[in-house]
Amino acid sequence: PPAPLVFSLPSVGDVSIALDKFVANCSSQAIKAHGRFTIAVSGGSLPNTLAAVLKNNREVDFSKWHVFFADERCVPLDHEDSNYLLAKKELLDHVPIPTGNVHPINNNLVKNPSEAAEDYESVLVKVFNDKNEVRFPTFDLILLGIGPDGHTCSLFPGHTLLEEKDLWVAPIEDSPKPPPQRITLTYPILNHANAIAFVVTGSNKQATLEKILDEKDNSLPATRVKLAHGQLYWFLDDAASATLKKT
Ligand code: 6PG
C-alpha cells in the first residue's frame, strides 16, 4: 500500500480549508467513477473542523452523498452525546443531502448495542449490497479522529474488538470514554476503504501523534489502520505536529 500522506497546516481554520478541498475532490471522483459518494464520519472535534468551510461549498453534489457514522454512542438521536446530532448540527442541516441518504443508528435500538450494531450492519449491507461479492464494503472516504489514548472510532487500547475479523459493525459495552455503550466500524471495514483521513488538531495530541507517526508505540489502535489498497491521509495543525520528527 502507498505510504501515508501527512499534511500539517498552520491553524485549525486552515485544516478546514484543506479538508473542504480534499473532501470535494474525493466526492467528485467517486461520483464520476460510480455515481455516488459513501462517507463515514466520527464524532469529537471532527464534525466542526470538517463542516466549517465545506458546509458553504455549493460545488459539491451533496445529492449523491451517503453518510454513515464510523462510530456512534448508544444514546437517542436527539441526545447531546449523539455523534449523529453533532454531524447534523454542524454539517447535515446546512447541505442538500437527501434525508434517506443519511444513515444514523436505529433510534429504537439504542438501549441494546448488540442489536444496534447488527441493525447498522444490515443498513451497510443494503446500501453496499455486495456482501456476497467482496465480503466487505468499500467506503469512498472515512474521516477519523484520535483520542489521547490512541483510540480511533470506538476501538480502544487493549480491547478484544481490536481482533475482530468478521463483524462489519461491532457493539461495545465498556468504552473507557463515556458513554460506555457504543457501536463502531471494525478494522476489516476500515482497512477496506478507498481512503481514510485522520484529522488531528491541538497541542494536546502531540504525544499521541509521536507514538503513531514517529512509530514510538505500534500497539495503539490508530496504528492498526492499514488500508489494504487505499490511501491513508493525516490532516494536522501545526500545534499537533510541532514535536514530530521532520522528514
Ligand atoms: C467519539 C469519537 C471519537 C473521537 C476521538 C477524537 O465518539 O468520541 O468518534 O472516536 O473521534 O475521541 O476526539 P477529539 O477530536 O474530540 O479529540
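The shown structure was predicted, so the numbers you read here are calculated from the model rather than taken from an experiment. Note that ligands are numbered from 1 as they come in the structure, with each ligand's atoms numbered from 1 the same way.
- Judged purely by atom type and a 3.5 angstrom limit, Thr208 uses its side chain to pair as donor or acceptor with the backbone of Pro148.
- A donor-acceptor pair under 3.5 Å links the side-chain atoms of Asp140 to the main chain of Thr38, judged by distance alone.
- Ligand-side atoms of ligand 1 in range of Arg182: 1 (C), 7 (O), 8 (O), range being under 4.0 angstrom from any heavy atom.
- Nearest protein heavy-atom contact of atom 4 (C) of ligand 1 is Lys177 NZ, 3.9 Å.
- Residue contacts with ligand 1 leave out Glu72, since none of its heavy atoms falls under 4.0 Å from the ligand.
- Atom numbering of ligand 1 starts at 1 in the shown order; those under 4.0 Å from a heavy atom of Ser45 are 14 (P), 15 (O), 16 (O).
- By the 6.0 Å contact criterion, CD on Glu173 is enclosed, its count of non-hydrogen atoms from other residues, nucleotides or ligands being greater than 12.
- Those atoms of ligand 1 that come under 4.0 Å of a heavy atom in Arg73, given as number and element, are 1 (C), 7 (O), 8 (O).
- Panel note: side chain Asn112, backbone Leu109; no donor-acceptor pair is recorded below 3.5 Å.
- Here the straight-line distance linking atom OG of Ser63 with atom CD1 of Ile31 works out to 7.0 Å at 0.5 Å rounding.
- Under 4.0 Å from ligand 1, the heavy atoms of Cys153 that appear belong solely to its backbone.
- Ligand 1 places these atoms under 4.0 Å from at least one heavy atom of His151: 3 (C), 5 (C), 10 (O), 12 (O).
- The distance between the ring centers of Phe139 and Phe128 falls below 6.0 angstrom.
- Heavy-atom contacts from other residues, nucleotides or ligands closer than 6.0 Å to NZ of Lys88 number 12 or fewer.
- What sits closest to atom 11 (O) of ligand 1 on the protein, heavy atoms only, is Gly43 O, 3.5 Å.
- Those atoms of ligand 1 with a heavy atom of Lys205 less than 4.0 angstrom away are 14 (P), 15 (O), 17 (O).
- At the top of the distance list for atom 9 (O) of ligand 1, counting protein heavy atoms only, stands Asp71 OD1, 2.7 Å.
- Counting heavy atoms under 4.0 Å from ligand 1, residue Ile146 touches it through the backbone alone.
- The pair Arg224-Glu163 counts as a salt bridge, with a side-chain nitrogen and a carboxylate oxygen less than 4.0 angstrom apart.
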